[in-house]
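One-based numbering along the sequence shown. Side chains are part of it too, since the values below use all heavy atoms of this structure and drop only hydrogens, waters and symmetry mates.
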Amino acid sequence: MIWPFKRKTEPAPETRAGGFTAEVIQAREAYISGARGLAELTATAQSCVSMWEHALAAADVAGTDLLDRAALARTARCLALRGEALWLIRDRLIPCIDWDVKTADGRPTAYRLSIPEAGGGRSMTALAAEVLHVRIGADPAQPWIGTAPLRRASLTAGLLHTLEAALAETFETMPLGSQIVPLPEGSADDMANLRDAFRGRRGSVLVIEGAAQAAAAGLHPGENRRPDDLTPNLERSMATDTLEAARAAISQAFGVLPAIHNRSATGPVIREAERHLATWTLQPIAGLIAEEASAKLGGRVALDVMRPLQAFDTGGRARAMSAIITALSQAKAEGIDPEAALRLVGWAERE
């Protein structure tokens, strides 16, 4: 009698989709490394993050009541440190701390979310239309994942981390304030006890030099009796200059002009740095938030950062407005169509 079932002598070969495992590992690595950076706990990074957070918290919101100040501030902080922020849409916006995404044609269709709760979070699933997902610096290969500025400037962040670690180790182990002190000659035991009696002696760095050692070194025992300092000269190592350059590069990665951190910066420099941050970094991010909210909240949403921050030259605007009014009045007096005149200089209706 033939047994109807095939006996398994060897395990069946496992079949996988080509490149699927690599894509999963890459996506997970991007999520984990994008959640934090080497320099995100430094004062330079945190000052830039605070500027993002406070500026977006002060933004004017039109078209919805869900984007309150707290939600905008947390969104800004998540975007600065993680590159993306995700909210579950209910009667209010519920923050999510972790999520997995399912995509179709490169666009998210469903999410598995982790909601923070006191005593432990909870998990749930939601469709893409129920989720407000804002991303900056999206990778073309993975457009559903955002990247933080520190991740995009990983070399600079790594350099800053290495310099700060090296300086911390240097100040911990270097013979700061240690000296070679010349003293009259004594017995070997007395000299050893004298060396051991000094507090703060690291290794054999702090040395008590006797007359015999000085004579053996070719020096006259009675000459050059002043102490010799062993503290390293850090200025010659360029560590301070390199540290400042790394901090400036990280500030630029966040869209903050390094001049704003200069202790000799004056009012005009500070104002121009704030205008640069608002114009080239925060207002485009506010536009991304507004587009996502308009698509998911069912109405046209607008965010304006420029007006609350006063990120414009008030005097220049007043002078420009006066010149425009004068020009329009002259055009009307000469019988020229004002709209045609505006189109002639490249001003469309929306401007």
Side-chain angles (χ1 to χ4, degrees), residues 16-17 19-37 40 49 52-53 56-57 59 61-149 151-152 282 284-303:
R16 295 186 180 181
F20 176 75
T21 303
E23 291 179 1
V24 171
I25 294 177
Q26 182 182 4
R28 195 62 182 171
E29 187 272 337
Y31 166 74
I32 294 174
S33 60
R36 61 185 303 275
E40 73 177 22
V49 172
W52 282 33
E53 185 177 0
L56 281 180
V61 182
T64 181
D65 295 331
L66 295 180
L67 290 175
D68 55 7
R69 306 295 183 192
L72 287 174
R74 179 162 179 171
T75 299
R77 191 169 188 84
C78 291
L79 291 176
L81 294 178
R82 189 169 184 170
E84 53 186 339
L86 194 141
W87 300 84
L88 178 63
I89 303 173
R90 291 292 184 260
D91 57 340
R92 59 183 180 87
L93 294 181
I94 302 175
C96 303
I97 57 175
D98 193 8
W99 57 85
D100 293 325
V101 60
K102 181 180 180 181
T103 62
D105 297 330
R107 299 176 63 90
T109 58
Y111 292 85
R112 184 169 59 216
L113 309 174
S114 294
I115 309 298
E117 301 286 355
R122 59 185 176 91
S123 299
M124 63 173 298
T125 58
L127 297 176
E130 303 176 86
V131 171
L132 197 66
H133 191 186
V134 184
R135 302 172 293 276
I136 61 172
D139 188 354
Q142 296 175 328
W144 56 90
I145 296 178
T147 56
R151 176 171 171 79
R152 285 172 267 160
L282 297 180
I285 291 177
L288 293 176
I289 298 174
E291 284 188 355
E292 180 72 8
S294 299
K296 301 294 180 61
L297 300 181
R300 186 178 182 277
V301 179
L303 267 75

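The closest side-chain heavy-atom distance from Trp87 to Val134 is not below 4.5 Å. The closest side-chain heavy-atom distance from Leu66 to Leu297 is below 4.5 Å. Side-chain contact between Leu132 and Leu67: present, with at least one pair of heavy atoms (C-beta onward) separated by less than 4.5 Å. At least one side-chain heavy atom of Ile285 sits less than 4.5 Å from a side-chain heavy atom of Ile136. Using a 4.5 Å heavy-atom threshold, the side chains of Arg77 and Val49 count as touching. A 4.5 Å side-chain heavy-atom check between Pro95 and Arg74 finds at least one atom pair inside the cut-off. With contacts defined as side-chain heavy-atom distances shorter than 4.5 Å, the pair Leu288/Leu79 does not qualify. Between Leu81 and Arg151 there is no side-chain heavy-atom pair separated by less than 4.5 Å.
The two atoms that bring Pro149 and Ala80 nearest to each other are CD-O, 3.3 Å, heavy atoms only. The two atoms that bring Ala138 and Pro143 nearest to each other are CB-O, 3.7 Å, heavy atoms only. Pro116 and Cys96 make their closest contact through CD-CA, 4.4 Å (heavy atoms, listed as atom of the first residue, atom of the second, distance). Summarising the geometry of Val301 relative to Ser294, their closest heavy-atom pair is N-OG, 2.8 Å, with the distance given to 0.1 Å. The shortest non-hydrogen separation linking Trp52 to Ala76 is O-CB, 3.5 Å. Between Tyr111 and Leu86, the shortest heavy-atom distance links the atoms CE2-CD1, 3.5 Å.
Listed for the Arg112 side chain is no donor-acceptor partner under 3.5 Å among the backbone atoms of Ser123. A donor-acceptor contact shorter than 3.5 Å links the side chain of Lys296 to the backbone of Val131. Under the 3.5 Å distance criterion, the side-chain polar atoms of Arg69 are matched with a main-chain donor or acceptor of Ala59. In terms of modelled atom types and a separation under 3.5 Å, the side chain of Asp105 and the main chain of Arg107 share no donor-acceptor contact. A donor-acceptor pair is defined here as one N or O able to donate and one able to accept, closer than 3.5 Å; such a pair exists between the side chain of Glu130 and the backbone of Leu127.
Note: Trp99 and His133 meet the aromatic proximity criterion, with ring centroids under 6.0 Å apart.
Taking CG from Leu72 and CG from Leu303, the interatomic distance works out to 5.5 Å, rounded to the nearest 0.5 Å. The structure places CD of Glu53 at 10.0 Å from OG1 of Thr75, a figure rounded to the nearest 0.5 Å. Going from atom CD1 of Ile97 over to atom CD1 of Ile115 covers 8.0 Å, rounded to the nearest 0.5 Å.
Contact check on Glu292 versus Arg135 returns no salt bridge, with no Lys/Arg side-chain nitrogen under 4.0 Å from an Asp/Glu carboxylate oxygen.
When the shell of 6.0 Å around CZ of Arg90 is examined, it contains more than 12 heavy atoms from other residues, nucleotides or ligands.
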